[in-house]
Amino acid sequence: MLVNNIQNINAVPVFRGKIIDSHVHCGQWNFDKFPCNEVLKIFNKKFNGGRDYVDRIIISNLDCIKSGRNNKPLKDEISGNISLIKSAIKNKKIVPFLVCQPGFGAAENIELLLIKYLDVIGGLKFHPACLNLAANDIRYLPYMKLAAKYNKPCLFHSEILSDSNGRLLRNGVSDPEYIYETARKFPNVPVILGHMGLGGGKANEAAIDTLINAIEKGDAKLYADLAWVDWDNPAKPHIIEAIDKLQHTSKGDMTERLLFGTDAPLGVFGEKALKREGAYDENIRNIKKAIKENCGDDANKLISRIFYRNCKKMLKNNHFNKIV
């Protein structure tokens, strides 16, 4: 049950623990380039006053997402993904999600990589907006079949568009409802709504409703990550709303479906693209503080789940076989 506790509002959360950032990138975006070894520098330090550290990052290559002048991705499914896989082999912190390109590539490319590097690959990544392909298009299905076959989760960029008056438009290619439609065809595959709908508070709320609906119906295994959710609001109202709704579903406490993520190194959450000093660390502290102030005795459990254990459990592979 949520509580309103404004005591010690400026206190730094004392929780100490590992973090998995479930939404990270390397590669090129617009005119910025983020080599994998440079991205790793963001995470090779401690946060929250030295109390926390990032143990793993789920990372995908922007070179396979961003389109060039010919409207095709800068790199194809093999070349862009193999470079990230090679980085992951060298560094256990990296959990690569292979970028899939329905409409440009072929699921057979991804399967070749899965067969050869099954224990290295964490999951699959889709960006409907950059593909300009609605997330419920049948061309996603061969890739989703691979996710089911090889027991891999899928991360979809999700985004709800709005008009000039702030009214939500539910026809964007990355709309959570379109993603849900595809996910229902593969009910055992974990499907993450990246950014929890993006587009601001109303979009976040609509994405939460999609997530809760899937849980109540039990027809898809939807998750949501927190990349850019309430990033500029220290109170984190929509994160707290998501926690509250997930705690009170008819299926019980389903807060296991919420994952910490940032979209680093894009925007304020990187080093080369840094616009506000310490934004990554500040985001961690503010989320934890908001949970501490609103979630009573459940706070530490929720922090542990959202920042680490939920993602560890979702991956269900040998990325954690050496962790006691």
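Just so you know, these numbers come straight off a predicted model, no measurement behind them.
Judged by distance alone, with hydrogens and angles left aside, the side-chain atoms of Arg257 form no donor-acceptor pair with the main-chain N or O of Met254 at under 3.5 Å. Checked by atom type and distance alone, the side chain of Ser174 never pairs as donor or acceptor with a backbone atom of Ser158 at under 3.5 Å. Under a 3.5 Å cut-off, the side chain of Gln101 and the backbone N or O of Cys64 do form a donor-acceptor pair. Using a distance-only test at 3.5 Å, with no hydrogens or angles considered, no donor-acceptor pair links the side chain of Asp76 to the main chain of Gly105.
Among the candidates Asn300, Asp253, Asp298, the single residue satisfying the side chain to side chain donor-acceptor pair (under 3.5 Å) test with Arg305 is Asp253.
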Pair up each side-chain donor or acceptor in residues 139-148 with any protein partner under 3.5 Å, not counting sequence neighbours, and list the distances.
residue, atom, partner, partner atom, Å
Arg139, NE, Asp137, OD1, 2.9
Arg139, NH2, Asp137, OD2, 3.2
Tyr140, OH, Leu133, O, 2.7
Tyr143, OH, Glu77, OE2, 2.7
Tyr143, OH, Ala106, N, 3.0

Identify every side-chain donor-acceptor pair in residues 110-117 under 3.5 Å, counting partners at least two apart or on other chains, and give the distances.
residue, atom, partner, partner atom, Å
Glu111, OE2, Lys149, NZ, 2.8
Glu111, OE2, Tyr150, OH, 2.6

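Within the structure, salt bridge (Lys or Arg N to Asp or Glu O under 4.0 Å) contacts touching residues 166-182 (residues at least two apart or in different chains) are Asp163-Arg167, Arg170-Asp175. Applying the ring-ring contact (aromatic ring centres under 6.0 Å, His included) definition to pairs two or more places apart or across chains, none involves residues 166-185. Sorted by first and then second residue, the salt bridge (Lys or Arg N to Asp or Glu O under 4.0 Å) pairs involving residues 57-68 (not counting sequence neighbours) are Asp63-Lys75.
Remark: His25 pairs with His23, Ser60, Asp263 by the side-chain hydrogen bond (donor to acceptor under 3.5 Å, both in side chains) rule, at least two apart or across chains. Remark: Gln28 pairs with no residue by the side-chain hydrogen bond (donor to acceptor under 3.5 Å, both in side chains) rule, at least two apart or across chains. For Lys217, the salt bridge (Lys or Arg N to Asp or Glu O under 4.0 Å) test picks out no residue, with sequence neighbours left out. In this view, Ser87 satisfies the side-chain hydrogen bond (donor to acceptor under 3.5 Å, both in side chains) rule with no residue, not counting sequence neighbours. Residues forming a side-chain hydrogen bond (donor to acceptor under 3.5 Å, both in side chains) with Thr262 (at least two apart in sequence, or on another chain): Asp21. In this view, Phe47 and Tyr280 satisfy the ring pair (Phe, Tyr, Trp, His ring centres under 6.0 Å) rule, not counting sequence neighbours. For His127, the ring pair (Phe, Tyr, Trp, His ring centres under 6.0 Å) criterion is met by His157, not counting sequence neighbours.
Side chain to side chain, Asn283 and Lys236 meet the donor-acceptor criterion of an N or O pair below 3.5 Å. At a cut-off of 3.5 Å, with distance as the only test, no side-chain donor of Asn213 or Thr210 sits close to an acceptor on the other residue.
Using a 4.5 Å cut-off on side-chain heavy atoms (C-beta onward), Trp231 and Leu226 make no contact.
The local environment of CG in Asp297 is sparse, with at most 12 non-hydrogen atoms from other residues, nucleotides or ligands closer than 6.0 Å.
Classification of Asp281 and Lys45 as a salt-bridged pair fails, no side-chain N sitting under 4.0 Å from a carboxylate O. Between Lys41 and Glu38 there is a salt bridge, with a side-chain nitrogen of the basic residue lying less than 4.0 Å from a carboxylate oxygen of the acidic one.
Shown here for Cys295 and Ile240, the closest heavy-atom pair between the two residues is SG-CD1, 4.5 Å.
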| query | Can Lys312 and Asp55 be said to form a salt bridge (charged side-chain N to carboxylate O under 4.0 Å, His left out), step by step? | reply | CA-CA 10 Å; Lys312 176 183 175 182; Asp55 185 67; over 6 Å; no

